[in-house]
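When a residue number appears, it is its place in the shown sequence, counting from 1. What you are looking at is a predicted structure, and each value in this text was computed from that prediction instead of being measured.
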Amino acid sequence: MSRSVLITGASRGIGRESAKLFAQNGWKVAVNYCSSERQALELVKELSDMGSEAIAVQGDVSDRSQVTAMAASLLKDFGELDVLVNNAGIAQQKLFTDITPNDWDRMFDINIKGMFHCCQCFLPQMIRRQSGKIINLSSIWGLVGSSCEVHYSAAKAAVIGFTKALAKEVGPSGIQVNCVAPGVITTEMNAALDADSLNALKEETPLGILGTPQDIAQAIYFLAESGSDFITGQVLSPNGGFVI
Ligand code: NAP
């Protein structure tokens, strides 16, 4: 029987490429999106054309009632969920002194509280089955901090603490919880960076290149597969050597 995965924020970028990789490998894929309905539906059609059982599930991960409804509809369709990829996220570049309390709350509501909602809604059926994997998206900025991204860096550092603590708690239930902390990846998230900034980041990267969403999808997929069954509470950081 095909295994099933939910990828939050799969309408674009890293989530979208991850959805394709899971589908190529015969998984049932649930594509979560918040506002990019057209992209999500196009992706589901593409995955279905590839022979995958794919569904789109709308829901703002920062809203508990929407995540609860999403979990109910997904579990009705798929029966159970084997892998949860907490990928939905936002970024923002601002001087620390310009960050408003609303900016701060939104950053934490989506990037870390969303993970809390999704894990609480999908863990009970994993615990019942004594099996499941959770993969959380952090960032190199959660490891080393980024100037003008204090709220983003702090939220992504929180993802690492969350991952390690939850891995300890649910390991005895047969569930692995790991984290992927990408370097700079060419997605819409970095669309605000100008060519000079992107070149500077490239030059700072030992491999001399920026990452692609496909690079990160491969790391996520590795942590979802049975080859990583002995790995839990870890941070895998595909970053071209930017952080060593
Ligand atoms: P992206 O291209 O900007 O896509 C973000 C995705 O998150 C979209 O599918 C978006 O869906 C979804 N999303 C945003 N807010 C949401 C919400 N409240 N509820 C549900 N979905 C929501 O971003 P990306 O570059 O692929 O990043 C994916 C993850 O990797 C993020 O957690 C990010 O922090 C992390 N990351 C990215 C980089 C990078 O350089 N790109 C580096 C390190 C870590 P809608 O369009 O439907 O709103």
Residues forming a salt bridge (charged side-chain N to carboxylate O under 4.0 Å, His left out) with [X], sequence neighbours excluded:
| X | result |
| --- | --- |
| K156 | none |
| D49 | K45 |
| D103 | K94 |
| E225 | R3 |

As an exercise, state the distance from [atom1] of [X] to [atom2] of [Y], rounded to the nearest 0.5 Å.
| X | Y | atom1 | atom2 | answer |
| --- | --- | --- | --- | --- |
| S4 | D77 | OG | CG | 11.0 Å |
| N199 | L193 | CG | CG | 11.0 Å |
| S36 | Q58 | OG | CD | 10.5 Å |
| L201 | E203 | CG | CD | 10.0 Å |
| M70 | L75 | CE | CG | 10.0 Å |
| E46 | K20 | CD | NZ | 4.5 Å |

Taking only residues at least two apart or on different chains, which pairs with a member in residues 28-63 satisfy ring pair (Phe, Tyr, Trp, His ring centres under 6.0 Å)? none
Show every ring pair (Phe, Tyr, Trp, His ring centres under 6.0 Å) that has at least one partner inside residues 123-151, sequence neighbours left out.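 Every ring pair (Phe, Tyr, Trp, His ring centres under 6.0 Å) pair that includes a residue of residues 123-151, provided the two are not neighbours, is W141-F242.
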Which pairs count as side chain to side chain donor-acceptor pair (under 3.5 Å) when at least one residue sits in [range], sequence neighbours excluded?
| range | result |
| --- | --- |
| residues 106-126 | R64-H117, R64-Q120, Q125-R129 |
| residues 21-31 | W27-Y221 |
| residues 158-186 | N136-T163 |

Looking at [X] and [Y], what are the two nearest heavy atoms and their distance?
| X | Y | result |
| --- | --- | --- |
| C148 | L95 | SG-CD2, 4.0 Å |
| D60 | S62 | OD1-OG, 2.7 Å |
| N86 | C118 | OD1-CB, 3.3 Å |
| V159 | C179 | CG1-SG, 4.1 Å |
| V31 | A40 | CG1-CB, 4.2 Å |
| A157 | G142 | CB-O, 3.4 Å |

I'd like to know if the side chain of [X] reaches the main chain of [Y], judged simply by a donor and an acceptor atom lying under 3.5 Å from each other, with no hydrogens or angles considered.
| X | Y | answer |
| --- | --- | --- |
| N32 | L6 | no |
| T205 | L210 | no |
| D63 | Q66 | yes |
| N239 | A181 | no |
| R16 | A10 | no |
| T8 | N87 | yes |
| D215 | T212 | yes |
| Q234 | T232 | yes |

Side-chain heavy-atom pair [X], [Y] within 4.5 angstrom cut-off:
| X | Y | answer |
| --- | --- | --- |
| P238 | I216 | yes |
| R12 | M189 | no |
| I175 | L166 | no |
| I134 | C119 | yes |
| Y152 | S139 | yes |

What verdict does the side-chain contact (heavy atoms from CB on, under 4.5 Å) test give for K133 and S228, after you've listed the backbone C-alpha separation in whole Å, the side-chain angles of each residue and the deciding distance to 0.1 Å? CA-CA 10 Å; K133 295 196 180 205; S228 65; 3.0 Å; yes
Test of understanding: with ring-ring contact (aromatic ring centres under 6.0 Å, His included), list the residues that count as partners of F78, not counting sequence neighbours. none
F162: ring-ring contact (aromatic ring centres under 6.0 Å, His included) partners, not counting sequence neighbours: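 In terms of ring-ring contact (aromatic ring centres under 6.0 Å, His included), with neighbours along the sequence ignored, F162 is linked to no residue.
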When clusters are formed from ILVMFWY side-chain contacts under 4.5 Å, directly or step by step, what else is grouped with L207?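 Its cluster mates, by chain and number, are I209.
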If Ile, Leu, Val, Met, Phe, Trp and Tyr residues are connected whenever their side-chain heavy atoms lie under 4.5 Å apart, and connections chain through other members, are [X] and [Y] in the same group?
| X | Y | value |
| --- | --- | --- |
| V5 | I14 | yes |
| V235 | V144 | yes |
| L81 | V170 | yes |
| V29 | L84 | no |
| L223 | V83 | yes |

Using the side-chain contact (heavy atoms from CB on, under 4.5 Å) rule, take I220 and L137 through it: C-alpha gap first, then chi angles, then the decisive distance, then the call. CA-CA 9 Å; I220 291 170; L137 268 288; 3.9 Å; yes
side-chain contact (heavy atoms from CB on, under 4.5 Å) between S237 and I140: does it pass, once the steps are laid out? CA-CA 7 Å; S237 185; I140 47 167; 3.6 Å; yes
Applying side-chain contact (heavy atoms from CB on, under 4.5 Å) to S18 and L21, what does each step give before you reach the verdict? CA-CA 5 Å; S18 302; L21 186 57; 5.7 Å; no
